[in-house]
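Written out below as structure tokens is the structure these notes cover.
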Amino acid sequence: MFLTRHVFPSNSRTLSTFTTHIHLQQPLLQMALHGFNMKFENYNAILNECVNKRAFREGQRVHAHMIKTRYLPSVFLRTRLIVLYTKCDSLGDAHNVFDEMPERNVVSWTAMISAYSQRGYASQALNLFLQMLRSGTEPNEFTFATVLTSCTSSLGFILGRQIHSLIIKLNYEDHVFVGSSLLDMYAKDGKIHEARTVFECLPERDVVSCTAIISGYAQLGLDEEALELFRRLQGEGMKSNYVTYTGVLTALSGLAALDLGKQVHNHVLRSEIPSFVVLQNSLIDMYSKCGNLTYSRRIFDTMYERTVISWNAMLVGYSKHGEGREVLKLFTLMREETKVKPDSVTILAVLSGCSHGGLEDKGLNIFNDMSSGKIEVEPKMEHYGCVVDLLGRSGRVEEAFEFIKKMPFEPTAAIWGSLLGACRVHSNVDIGEFAGQQLLEIEPGNAGNYVILSNLYASAGRWEDVSSLRDLMLKKTVTKEPGRSSIELDQVLHTFHASDRSHPRREEICMKVKELSTSFKEVGYVPDLSCVLHDVDEEQKEKILLGHSEKLALSFGLIASPASVPIRVIKNLRICVDCHNFAKYISKVYGREVSLRDKNRFHRIVGGKCSCEDYW
DNA sequence: ATAGGGTTAG
């Protein structure tokens, strides 16, 4: 019921939608083109109209008329021309006007900086800003708000901090536009506390600054913090718009909070908020990451306009759920749609979709089409990574290894990790050992790598290697991002850590895990002790294994949710081999569907079988 | 005349 079709105009920020053949006010145009002695007022009026209507050709004719009649436009009019050309997507023309200006003021500099930053030319925008300072022109609040949006590279962040000092010196730190731009810059640099400080110091807040800080948390994966802040600001009377909800949906996607996501969706539909493409894209992603692809597809199908991101979000959804056939079907549809071109993310989604869906040959064909230019996307490192995955999954481990050696890139940790994973599943100890060594060299501090290599050694019965791996791990400073699993029940998110004793129903949960383990052992479950790398006896290892956050969340789901619904658990890391097996027993013994989202994909486990076919 | 927050992938 809540998915009704909403038709709204497309996002007005799309630059490509300008028209060139429009009717300008005839008298003015005639005056300009028939030798009338044009004055400032006339030019200003006609240029304003051209800017508003994005009338590129007419604007050019007016500009040409100025040159022909040797009219010398003021700084003001030249700046209008820069803005006109920028809005009409003609950066070259804008820059020519800028170059030929006999004098410039803060507005013309800012307009030009804005032109570059809007088109994504960050370093040019920053260069221009520096030139502006050197020329002795003092920036104003417009300049700062603009230039900070171009501070998104590592060099940009350094410059951004210096710009912050200048902002303080020139007394613009209380300005809300400058503040939102500044806090956004800090958030994008991962400096969320500094972003928060800027936010808290603002004398007044508005939708944009509030949205910027909420999205800042969400983009860094601080989902709970984002949600908490959203609720607090809402309580303090913050107004939300569609961008705010996009940020909130990002946080909810991360948490896989389906019920809350539906609530936001309902709210958006009931309110006057327009269903802009960006918001719909967020909804597609939210439903897919919450495990509900049907809703994602329903939104996708009813969209009035789709961007490449809409297609990508849907493709990624199918891919993560292991629905390879659907990925290919949708990709075919996409290629028939001429308005949208596949990009690098599209191909990534399709390749990984083929891999997760067990369609190795189809995936390899697509990679070949890309290499031969039949698909017009430049193959990047990540695409090569997908091929390693595809070959590895189908058991062609040697081929995958050869492929890595011939790649035009230096292999990354992700590539070796993918090869090692394949070796674990297909028990290729020789290549796996090599991949593992490379991996331990690149990422000596990543505990996950040790676990997979240990799994591999254990599967080959090489126990002495398992123990020397453990010794090696003790020598290095190995940090493990703490594993965390959560489950949403009645709009409340229950989060568990390993051996977590903080849940109000901890006794019950702990008992249940033990009970399950005992009963599963009677029907064939064998705890996989190679998943534990601590130097303890077997009994202890089993205890540690039973404390894994996934098992706590799964058991809690079994106790606390009705038997008719699937148990939906999400884990922040890749799921452990033993817990994956444990979940299969739950599905078989209790007849419950388990939907498990890990860092890489969804595992839909029914009747003891998983949609990943034990490859992840 | 010039300005800030947003969606997919990793």
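No experiment lies behind these values; they were computed from the predicted model shown.
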Mind listing the residues from [range] sitting with a heavy atom below 4.0 Å of DNA chain B? Number order is fine.
range: residues 223-239 of chain A; value: none
range: residues 159-168 of chain A; value: none
range: residues 128-148 of chain A; value: A:N140, A:E141, A:F142, A:A145, A:T146

For this session: Please state whether the base of B:dG5 and the side chain of A:T211 form at least one donor-acceptor pair under 3.5 Å?
Result: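 Pair found.
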What residues, two or more places apart in sequence or in another chain, satisfy side-chain contact (heavy atoms from CB on, under 4.5 Å) together with [X]?
X: A:L170; answer: A:E138, A:P139, A:F144, A:L166, A:Y172
X: A:E326; answer: A:R297, A:Y318, A:E323, A:K329
X: A:V308; answer: A:N312, A:M334, A:V340, A:D343, A:T346
X: A:S418; answer: A:V388, A:D389

Look at the side chain of [X] and decide which nucleotide, out of [options], has an atom nearest to it.
X: A:N241; options: B:dG5, B:dA1, B:dT8; answer: B:dG5
X: A:R80; options: B:dT2, B:dG5, B:dA3; answer: B:dT2
X: A:T79; options: B:dA1, B:dG4, B:dT8; answer: B:dA1

Partners of [X] by side chain to side chain donor-acceptor pair (under 3.5 Å), sequence neighbours excluded?
X: A:R597; result: none
X: A:H164; result: A:Y186
X: A:S371; result: none

Problem set entry | Atom pair distance, as rounded to whole Å: CG in A:N105 and C1' in B:dA1 |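 Going from CG in A:N105 over to C1' in B:dA1 covers 8 Å.
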For this session: To the nearest Å, give me how far apart CG (A:N281) and C1' (B:dA9) are.
Result: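 Result: 14 Å.
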Exercise. Under the ring-ring contact (aromatic ring centres under 6.0 Å, His included) rule, what pairs show up with a residue in residues 188-224 of chain A, not counting sequence neighbours?
Worked result: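 Listed by first then second residue: nothing to list.
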Exercise. Within a strict 4.5 Å, meaning less than it, do heavy atoms of the A:I375 and A:I347 side chains meet?
Worked result: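 A side-chain contact exists here, since the closest heavy-atom pair is under 4.5 Å.
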Problem set entry | side chain to side chain donor-acceptor pair (under 3.5 Å) contacts in which one or both residues fall within residues 125-136 of chain A, not counting sequence neighbours |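 Residue pairs passing side chain to side chain donor-acceptor pair (under 3.5 Å), neighbours aside: A:S135-A:T137.
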Exercise. Would you say a side-chain N or O of A:K188 is under 4.0 Å from OP1 or OP2 of B:dG6?
Worked result: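 Looking at the OP1 and OP2 atoms of B:dG6, one of them is under 4.0 Å from a side-chain N or O of A:K188.
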